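Since the structure comes first, as structure tokens, the remarks are kept for the end.
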Amino acid sequence: MNAAEITLPPVLPEAPPIPEKTLRRLFLTLFLRGHGLRGLGRQGASGAPKSIAEKLGLALLFYFLFGCMALFFLRQPVFALAVYLHALTFVFLGMFVAASAGEILFNKEEADILLHRPVSPKAMLWAKIRVLVEISLWLAGAFNLVGLFVGLGSGRNWRFPIVHIFSTTMEALFCTGCVVLVYQLCLRWFGRERLENLMTISQVIVSIAAVMASQILPQMVMRVDRVLNVSEVSWWVNLLPPAWFAGLDDAFSGSAMLGSWILAAIGLGATALVLWIAFDKLARDYEIGLQALNETVSTRIKRGGRRRLADKLVNLPPLNWWLRDPVTRASFLLAAAYLIRDRDVKLRVYPGIAPILVIPFIFLIQNHGHGGSNDPGFGVPFSGVYLGMVPLLGLQQLQFSQQWKAADIFRAAPLHGPAAICRGARCAVLCLLVLPMMLLVALIVWLMRGNLSQLVLFLPGIIALPVFALVPNLGGHGVPLSQPTDPAKSATRGLNMIVVMIIAFALAGLTSFSWTQGWFWWLVLGEAVVAISLYSGLRLALAKSTWPSNE
Amino acid sequence: MISLDKLTKRFGAQTAVDALSFEVSPGQIVGFLGPNGAGKSTTLKMLTGMIEPSGGRAAVCGFDLQTQPIEVKRNVGFVPESGAVFESLTGLEYLEMVGALYGIPQNAARARIKQFIAFFDLSFETLTDKLLGAYSKGMRRKVVITSALLHNPPVVFFDEPLDGLDANAAVGFKALIQTLAREGKTIVYSSHILDVVERVCHRVIIIDKGKLLLDGKPDELVAAHDSGTLEKLFTRLTGGTELERRAEDFARTFRP
């Protein structure tokens, strides 16, 4: 190696690349490949690791299949079809943008790589927005594909596909703009110091809201056949963004009523306003936000704050008895710290368990006033079983972290296997997630039913809880904070939820049936015997398990 | 080439850099020293436009940091302490991406990259076939150094550049920055490895708690303070007293 070997040629002036295009390509590549891939060689001809490309393909297939429901609208007016397509597109895009925007807009790692390069924060912001909108449009395209042909069929206007593609693009821009705007307003109003917390809170709330909407909207859509045209809808529907974009479709390719034109104008105006405020008026706030993430300020833990509370808790009964083993205790404190403080972990865990609150709540509402005072309906046992699955879903998400490489310290420690580490994380999930949720759901049941006796219907779920909690750790897997975050974004989360729902439906159905038939307590007894046997066996297997391969 | 005038950075009530003023001429290698938390990295981040100063002024290559940040960035190269890269890109993709941000066409960028990988003893196959996440720390550091020099900047800031480099690469790197300085480049070199700084740098700036403590040629400073070595001068200035005795006392606590 000789320093004289390096003679730098002058920069060639011809055909210089455009930084904006480079950034867009970069952010798209990073999105598709994910951040931080340990030990992976380049995979596949495109260079994208296959797993992520396949997962994206699966997601697009899922959206396409879901979009086939548009066939039910073959004989409906344009406005009804458009409301359906835009409502669900809005939910899907909202979920995607809310889940991805924080990581894409404010990625801590990129500060050291990009902030000293000659690109303006505005160019970076636009490149990221373009990527968000581009991927949003892929998802929207897959979902709306069948709808475009349905819009063409039944003698409708040939302009529908063109107008609908335009209105969906507007909707994607509006969705992305709104999320960016929320971040920028948070920055402006609350300042740099609280940015991280605000990002977390706002993302968690938006994600939970999106999950709730995804559960509630399809039920509303089932009644959309009543939304025949724009003049017949309730006034409040006109306040919802999907109605504005549906108005655009209806104005140019449907009834062309005055109401549709007004909705279309509102949609276009709102999109333009949001984009102007987010990308022009408040672009400076984005720059401040980027720099804020780059500033390493030591954050002091408040005296008497969470840290001390966690420390106090582990020294009090029953936790000091439960966490006698120092490794379990240390793992409990680690998992608790991440569940309380780490933005990335919170963003995965809390939205991940949101359906557990939402779905039983929907059943409780549906069963409200159903049957006699002794008839629990399906809602209460369903809530109980869902509660039993909180540790399973929580622990599955807790194994992912941006600091996953630090978990190598577990392997370096003189431990035969991950059993004690996993046990500490399970205890943390039980204390910090399950107990508060149990109290909350019990409160909801009590308020809605005015009958505490029905809370015994939680028992089948609670008895199954310890078994469910061991499932993520089987075979020594599910070590807390030990996996890179990207796989968590995959479509497998949806698959897990489907499995969870099937089990929940089966157990809750059995509970409800046994209650009405009068052999509920026999069911509890039988389940307890099975659960104790399974739990003992699984604990034994877990205690014997060694560290899984790190390759 | 670099000019700081009462440059200040405050994080809330904490002042990280406190009215720092100095100038650096072309062709100088300046060792920028200080204990942990002295404000070195914050100063470098301000000078590269990564964070905004709270007060004072600074200029690089005649461009004002606050009013012409893009021009400043075009004229500096920076090797951050973190050595962060986009791990899901290959080395070549990463370097070509960096080149494109400076307006270097792909072919020209690739020609330069080949020069650098030859210098750093990296194979082109490694650069094209492996994602950066699979690189060793030293290989990744070489890619980061390459990315800082790719656009041929007149001013280069290094923050702990030797971290992760093996002995051969470190020797080559030291020769490289001396050659670059002879060709007129200004180099600001922040490191805790003081003997390297003493051998390589024309001038040393020592700061502590955000304030300038000393500024001068290493041998002159050592002689003026009768310290023997730069390391001894540094520990005396930055409060590292009785370090050997404290280390011995501490080591004794490990006796069974």
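Numbers restart at 1 for each chain; the letters A, B, ... are given by sequence-line order, proteins then strands. Just so you know, these numbers come straight off a predicted model, no measurement behind them.
Within the 4.5 Å cutoff, side-chain heavy atoms of Arg117(A) are placed close to those of Ser147(B). Side-chain contact between Tyr94(B) and Ile113(A) is present, with at least one heavy-atom pair separated by less than 4.5 Å. Ile70(B) is not listed as a side-chain neighbour of Val119(A), based on a closest heavy-atom distance of 4.5 Å or more. For the pair Leu26(A)/Leu89(B), a side-chain contact is recorded, criterion being any heavy-atom separation below 4.5 Å from C-beta on.
Here the closest non-hydrogen pair linking Pro80(B) and Asp112(A) is CG-O, 3.7 Å.
Met124(A) CE to Leu101(B) CG: the interatomic distance, rounded to the nearest 0.5 Å, is 9.5 Å.
Contacts between Val98(B) and chain A at a heavy-atom distance below 4.5 Å involve the side chain alone, from C-beta outward.
Judged by distance alone, with hydrogens and angles left aside, the side-chain atoms of Lys73(B) form a donor-acceptor pair with the main-chain N or O of Leu115(A) at under 3.5 Å.
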